[in-house]
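Please read the structure below before turning to the comments.
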Amino acid sequence: MIPDTRFFYRVVLLLTPDPWLRAQLGGTLEDLGCLVQPFAREADALIWAQDEIADVAMVDRLAGGGHGVALAAQLRHEGIPVVFFDGYDADRRLLSAEPPEHPGLPRRAPLADILEACLA
């Protein structure tokens, strides 16, 4: 697959404790041209975010225990869009997510559409 040049060099912070999901979703983001910073633990993502800048963050809502809430607060304070997701269909590249402030974007949308909405 030829990467979509709209997303070349866009940095995506990906937070999910699920190794399969990190690999699948991270791989799709890379196929789209993104630079992915994957994390299993919120503490590690928070440390990374102190010195680095992401264009968008994708945080797994199903991890439980408030996973990603502190990270989302920090990133949103810096003006970085945060997408909380709770499912990913790797075959169809559909992300079940809460699109931040993007009315009209369906709850289950192509990953490229969600990126486009967040990075526009």
Side-chain angles (χ1 to χ4, degrees):
M1 173 180 199
I2 298 172
D4 188 328
T5 58
R6 294 175 298 171
F7 307 123
F8 268 15
Y9 305 112
R10 295 300 199 134
V11 178
V12 178
L13 186 156
L14 174 60
L15 177 61
T16 177
D18 183 327
W20 179 88
L21 191 53
R22 263 193 324 277
Q24 292 298 311
L25 186 50
T28 302
L29 288 164
E30 287 173 351
D31 287 348
L32 289 170
C34 297
L35 302 173
V36 180
Q37 294 297 321
F39 296 96
R41 297 175 350 122
E42 181 179 35
D44 296 331
L46 280 165
I47 291 168
W48 180 86
Q50 289 175 358
D51 297 322
E52 303 293 335
I53 297 175
D55 293 301
V56 63
M58 297 193 165
V59 178
D60 186 348
R61 265 188 353 160
L62 297 180
H67 187 76
V69 174
L71 177 67
Q74 176 181 325
L75 295 176
R76 285 180 174 157
H77 177 73
E78 296 171 8
I80 298 168
V82 177
V83 176
F84 281 97
F85 67 91
D86 59 12
Y88 179 61
D89 180 339
D91 294 330
R92 298 187 343 205
R93 296 181 168 206
L94 295 175
L95 191 69
S96 295
E98 296 177 14
E101 295 101 38
H102 298 288
L105 194 60
R107 171 90 171 85
R108 186 176 166 131
L111 186 55
D113 291 354
I114 292 172
L115 283 174
E116 180 76 30
C118 290
L119 298 172

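This is a predicted model, so every value here is computed, not measured.
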I'd like to know if the side chain of [X] reaches the main chain of [Y], judged simply by a donor and an acceptor atom lying under 3.5 Å from each other, with no hydrogens or angles considered.
{"X": "Gln24", "Y": "Ala90", "answer": "no"}
{"X": "Glu30", "Y": "Leu35", "answer": "no"}
{"X": "Arg76", "Y": "Pro81", "answer": "no"}
{"X": "Arg22", "Y": "Thr16", "answer": "yes"}

Mind listing the closest non-hydrogen atom pair of [X] and [Y] along with its distance?
{"X": "Gly68", "Y": "Val59", "result": "CA-CG1, 3.8 Å"}
{"X": "Ala57", "Y": "Ile80", "result": "N-CG2, 4.3 Å"}
{"X": "Ala97", "Y": "Ile114", "result": "CB-CD1, 4.1 Å"}
{"X": "Leu115", "Y": "Cys34", "result": "CD1-SG, 3.9 Å"}

*When clusters are formed by joining ILVMFWY residues with side-chain heavy atoms under 4.5 Å apart, either directly or through shared neighbours, do Leu94 and Met58 land in the same one?*
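Different clusters.
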*With respect to Gln37, which candidate in Val11, Leu14, Val12, Leu15 satisfies the side-chain contact (heavy atoms from CB on, under 4.5 Å) definition?*
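Result for side-chain contact (heavy atoms from CB on, under 4.5 Å) with Gln37: Val11.
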Report yes if the side chains of [X] and [Y] come closer than 4.5 Å at any heavy-atom pair, otherwise no.
{"X": "Arg107", "Y": "Ser96", "value": "yes"}
{"X": "Leu29", "Y": "Leu111", "value": "yes"}
{"X": "Phe7", "Y": "Asp55", "value": "no"}
{"X": "Arg10", "Y": "Leu119", "value": "yes"}

Between atom [atom1] of [X] and atom [atom2] of [Y], what is the distance when rounded to the nearest 0.5 Å?
{"X": "Tyr88", "Y": "Thr28", "atom1": "OH", "atom2": "OG1", "answer": "2.5 Å"}
{"X": "Arg41", "Y": "Leu71", "atom1": "CZ", "atom2": "CG", "answer": "13.0 Å"}
{"X": "Ile53", "Y": "Leu75", "atom1": "CD1", "atom2": "CG", "answer": "10.5 Å"}

